[in-house]
Amino acid sequence: MKILSKSFYLKDPAVAAKELLGKLLVRKLGNEELLGKIVETEAYYGLSDPASRVTKKAAESFSLKAGQTFIYMVHNSWLLNIVANKKDKPQGVLIRAVEPLNNLEILKKNRKGKDCFLLTNGPGKLTQAMKITKEHHGIMVYAKDSDLTIAEGTKEHFIIISNHRIGIRNDLKRKLRFYIEGSKWVSKI
DNA sequence: AGGAAGATCTACT
DNA sequence: GTAGATCTTCCTA
């Protein structure tokens, strides 16, 4: 399994968000390795983004370098972001949904018996299922020994749909949400 | 110290 | 589809 290099994250967040679709999220949990295919992402543009208070907080945390995680709690849920930018700007990609590929029993246990696509079809759900918390804030996802990494996925072909983002009052005009067409794990069509 | 608001989730109608 | 739950952070006094 090939882990994406740091240079992968040195690009425009919208581009990175699109290219992250189909990649593998690798969560090391003790002796187990939880694999999830990324099926839904959103790009965030930090300071120029109307996402109010979240942006402010993000601006601080995005002083992190490209390729590091940025984890944030909202509405009793953890959200997983990967910092991605060309320059030193507070920008990044939000991982909204993944398709679990193995260790379903562990995911079910963490999700109190939920099943199938209910396991990870939302930002708060996938972090719960994979036991991702604030302790993973600032992890370098390109480092081989990190508990959380992102690796090359299969080379299968899929169609990418773009849409406006979810849950923001005054969204930007650009469509910054991307997901794989037909995936059962996409949170909302 | 207290209140308000949020990149959500769940349950119910 | 809509309302309520529930927690962390930020803002104001």
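FYI, side chains are in, hydrogens and waters are out, and symmetry mates aren't considered; it's all heavy atoms of this structure. Just so it is clear: chains get the letters A, B, ... in the order the sequence lines come, proteins before strands, and each one is counted from 1. Note that the structure is predicted; figures quoted are calculated from it, not measured.
You cannot call A/Tyr72 stacked on the base of B/dA7; the centres under 5.5 Å and planes under 30° rule is not satisfied.
Between the CD atom of A/Gln128 and the P atom of B/dT10 there is a distance of 7 Å, rounded to whole Å. Distance CG (A/Leu94) to C1' (B/dG6): 14 Å, rounded to an integer number of Å. Regarding A/Leu118, its CG atom lies at a distance of 17 Å from the P atom of B/dT8, rounded to whole Å. Distance, A/Glu40 CD to B/dT8 C1': 13 Å, rounded to whole Å. Distance A/Phe117 CZ to B/dC9 P: 14 Å, rounded to the nearest Å. When the P atom of C/dT8 is taken as reference, atom CD1 of A/Ile71 falls 15 Å away, rounded to whole Å. The nearest whole Å value for the distance from the NE2 atom in A/His75 to the P atom in B/dC9 is 10 Å. At whole-Å resolution of the value, CZ in A/Phe70 and C1' in C/dT9 are 12 Å apart.
When each of B/dA7, C/dT8, B/dC9 is scored by its nearest atom to the side-chain atoms of A/Met73, the top-ranked nucleotide is C/dT8. Here the nucleotide nearest the side chain of A/Lys134, chosen from C/dA5, B/dA7, C/dT9, is C/dT9. Among the nucleotides B/dC9, C/dA5, C/dC7, the one closest to any side-chain atom of A/Asn76 is C/dC7. Listed nucleotides B/dC9, C/dT6, B/dT8 differ in distance to A/Lys125; the shortest reach to its side chain belongs to B/dC9.
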- Give the C-alpha distance, both sets of side-chain angles, the deciding distance and a yes or no for salt bridge (Lys or Arg N to Asp or Glu O under 4.0 Å) between A/Lys175 and A/Glu42. CA-CA 9 Å; A/Lys175 293 182 177 178; A/Glu42 284 182 11; over 6 Å; no
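A donor atom on one side chain and an acceptor atom on the other are not found under 3.5 Å apart for A/Arg174 and A/His164. A donor and an acceptor atom, one from each side chain of A/Asn85 and A/Tyr45, are nowhere located under 3.5 Å apart.
Remark: B/dA7 base-pairs with no nucleotide; criterion is Watson-Crick or G-U wobble with both hydrogen-bond distances under 3.5 Å.
At least one side-chain nitrogen or oxygen of A/Arg111 sits closer than 4.0 Å to the OP1 or OP2 atom of B/dT10. Between A/Lys114 and B/dT10, a side-chain N or O to OP1/OP2 separation shorter than 4.0 Å is absent. Residue A/Lys112 places none of its side-chain N or O atoms closer than 4.0 Å to OP1 or OP2 of B/dC9.
Ionic pairing of A/Arg177 and A/Glu40 is present here: one or more N-O contacts between side-chain nitrogen and carboxylate oxygen are shorter than 4.0 angstrom. A/Glu19 has a carboxylate O that lies under 4.0 Å from a charged side-chain N of A/Lys11, or vice versa, which qualifies the two as a salt bridge.
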